[in-house]
Amino acid sequence: METKNSIVHVVLTGGVGSRLWPLSRKSQPKQYLEIFEGKSLFEMTVERNSHLADKVMVVGNVDNHHLSGKVMEKTKTSYINIVEATPRNTAAAIAFAAFASKSDDILIITPSDHIIDKMEDYNAAIQEAISKANDGFIVTFGIIPTKPETGYGYIESKGDEVLSFREKPNETTAKEFISRGNFLWNSGMFCFKADVLLNELKQFQPDVYEKSKIVWEASKEGFLDLDLSLQIPSISIDYAVMERSKKIKVVPASFSWSDLGSFESVYEYLVSKGHPIDSNGNMVIGCDSHTTFLGLRNTIFVHTESANLILQKENSQDVKDIYNELERQNSELLK
């Protein structure tokens, strides 16, 4: 009889990566693209945590769960599969994982599309989080920032205490955060005991708790019902629990981390791995034919079979506007 609580690695696979169009599509979201030395971000996420966890759980949706399945097969990883009928944001996704676990299991929640380096620091942060989770806390991972990044939310902290959560700042505010020295990037990674999280959710967002429970109890082999799922309020775990609970701790972590949310961060990562750029900082992604840039600097040329994107690296955040416009036109180019 197994008495010790299990450590469960929960991989959240929602999200399309609209800022990485045309590489990232609905049929092939960014976490499944094998552009990182022949591996996808999803595969790297599973590998990175394989020695830390007793069990793996994948929370996916009807559009992507077959892609997750392929990766799990490739890495020969057995896993618990939860397939959402419709995305209901992170509070519900995390609730399903907690309902699928034993009450004192420790869950490590990670997105499936982040890049992490400095594994010693990463493993140390995870161990520290597990020990705090064992003491009944809900732990978030705050990354010690390396620059005033406007693409991330921030955690204002004092030691392991969370003073406040802050939305993505503008340039001026981001610089102020950095100069104050006690602001961390909010990584979207968490660690907690299943029942601690569920109790807090029940207290602060009873509607999400009750409706998610109904959906979970009606699930068949991990597949969730669409009509019941539509009843769940679509709320992030940050808003539902993190910003309200008195049980939150933060582990300030110095592992290197990026959510690869834009071509600028993909560019920086690929450069660090030796991906070629020319003398003016221009880069080609996804195209083998000879490409020459003339009179251009820091330009990224992204090639796919049905669409090309040519952008100034500094305009990376605006790619989502193109995506939204194509979505408005119901374009085939998003499929």
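Judged by distance alone, with hydrogens and angles left aside, the side-chain atoms of N123 form no donor-acceptor pair with the main-chain N or O of E120 at under 3.5 Å. In this structure, the side chain of S219 does not engage the main chain of V215 through any donor-acceptor pair within 3.5 Å. At distances below 3.5 Å, not a single donor-acceptor pair connects side-chain atoms of D113 with backbone N or O atoms of K30. Counting only distance, with no hydrogens or angles, the side chain of T304 and the backbone of A307 share a donor-acceptor pair below 3.5 Å. Remark: the backbone N or O of T13 is paired with a side-chain donor or acceptor of Q31 at under 3.5 angstrom. S316 places a side-chain N or O within donor-acceptor distance of the main-chain N or O of K313, the cut-off being under 3.5 Å.
S331 pairs by the side chain to side chain contact (heavy atoms under 4.5 Å, CB included) definition with L326, L333, not counting sequence neighbours. Remark: E73 pairs with no residue by the salt bridge (charged side-chain N to carboxylate O under 4.0 Å, His left out) rule, at least two apart or across chains. In this view, V62 and V83 satisfy the side chain to side chain contact (heavy atoms under 4.5 Å, CB included) rule, not counting sequence neighbours. W21 meets the ring-ring contact (aromatic ring centres under 6.0 Å, His included) test with no other residue; sequence neighbours excluded. With sequence neighbours excluded, the residues that form a salt bridge (charged side-chain N to carboxylate O under 4.0 Å, His left out) with D207 are K211.
Annotation: salt bridge (charged side-chain N to carboxylate O under 4.0 Å, His left out) contacts involving residues 139-150, sequence neighbours excluded, comprise K147-E149, K147-E268. Within the structure, every pair that satisfies the salt bridge (charged side-chain N to carboxylate O under 4.0 Å, His left out) test and touches residues 176-185, not counting sequence neighbours, is listed here: E156-R180, E176-R180. The salt bridge (charged side-chain N to carboxylate O under 4.0 Å, His left out) contacts involving residues 275-303 comprise nothing, where partners must be two or more places apart or lie in separate chains. Sorted by first and then second residue, the salt bridge (charged side-chain N to carboxylate O under 4.0 Å, His left out) pairs involving residues 217-243 (not counting sequence neighbours) are K213-E217.
F141 is not connected to M242 by any chain of hydrophobic side-chain contacts under 4.5 Å among Ile, Leu, Val, Met, Phe, Trp and Tyr, and they are in different clusters. In terms of hydrophobic clustering, with Ile, Leu, Val, Met, Phe, Trp and Tyr side chains grouped at heavy-atom distances under 4.5 Å, I106 and V59 are assigned to different clusters. No path of Ile, Leu, Val, Met, Phe, Trp and Tyr side chains, each step under 4.5 Å between heavy atoms, connects V58 with I7, placing them in separate hydrophobic clusters. Residues I130 and I94 do not share a hydrophobic cluster, defined by chaining ILVMFWY side chains whose heavy atoms lie under 4.5 Å apart. Under the 4.5 Å side-chain heavy-atom criterion for ILVMFWY residues, no single connected hydrophobic cluster contains both I109 and V11.
Side-chain N/O atoms of H290 and T292 include a donor and acceptor closer than 3.5 Å.
Shown here for A174 and T150, the closest heavy-atom pair between the two residues is CB-CG2, 4.3 Å.
H9 and Y79 have their aromatic ring centers separated by at least 6.0 angstrom. Between Y239 and F204, a ring centre-to-centre spacing not shorter than 6.0 Å is recorded.
Residue S6 holds its OG atom at 5.0 Å from NZ of K102, rounded to the nearest 0.5 Å. Summarising the geometry, atom OG belonging to S112 is positioned 5.5 Å from atom OH belonging to Y32; distances are rounded to the nearest 0.5 Å. Rounded to the nearest 0.5 angstrom, E43 CD and T77 OG1 are separated by 8.5 Å.
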Report, one line per pair, each donor and acceptor closer than 3.5 Å where one atom sits in a side chain of residues 85-93; sequence neighbours left out.
unit_1: R88; atom_1: NE; unit_2: S229; atom_2: O; d: 3.3
unit_1: R88; atom_1: NE; unit_2: I232; atom_2: O; d: 3.0
unit_1: R88; atom_1: NH2; unit_2: L230; atom_2: O; d: 3.4
unit_1: R88; atom_1: NH2; unit_2: I232; atom_2: O; d: 3.0
unit_1: T90; atom_1: OG1; unit_2: I237; atom_2: N; d: 2.8

Under 3.5 Å, side-chain donor or acceptor atoms of residues 247-256 against the rest of the protein: list the pairs with distances, not counting sequence neighbours.
unit_1: K249; atom_1: NZ; unit_2: E161; atom_2: OE2; d: 2.5

*Please lay out, stage by stage, how K273 and D117 fare under the test side chain to side chain contact (heavy atoms under 4.5 Å, CB included).*
CA-CA 12 Å; K273 293 293 179 196; D117 278 320; 4.3 Å; yes

*Hey, mind stepping through L23 and I285 against side chain to side chain contact (heavy atoms under 4.5 Å, CB included) and telling me if it holds?*
CA-CA 9 Å; L23 277 186; I285 297 176; 3.9 Å; yes

*side chain to side chain contact (heavy atoms under 4.5 Å, CB included) between I108 and F190, intermediate numbers included*: CA-CA 6 Å; I108 299 168; F190 309 101; over 6 Å; no

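A salt bridge links K74 and E34; the closest N-O separation between the charged side-chain nitrogens and carboxylate oxygens is under 4.0 Å. Contact check on D105 versus K193 returns no salt bridge, with no Lys/Arg side-chain nitrogen under 4.0 Å from an Asp/Glu carboxylate oxygen. We find that E327 and K26 are joined by a salt bridge, their nearest charged nitrogen and carboxylate oxygen being less than 4.0 Å apart.
At most 12 non-hydrogen atoms from other residues, nucleotides or ligands lie less than 6.0 angstrom from CD of E167.
Of the candidates W257, W185, Y269, H114 forms a ring-ring contact (aromatic ring centres under 6.0 Å, His included) with just one, namely W257.
Cluster partners of F301, by chain and number: V284, F293, L296, I310. The rule joins Ile, Leu, Val, Met, Phe, Trp and Tyr whenever side-chain heavy atoms lie under 4.5 Å apart.
Between F223 and H65, the ring planes are perpendicular. Angles over 60° get that label, and only those under 30° would be called parallel.
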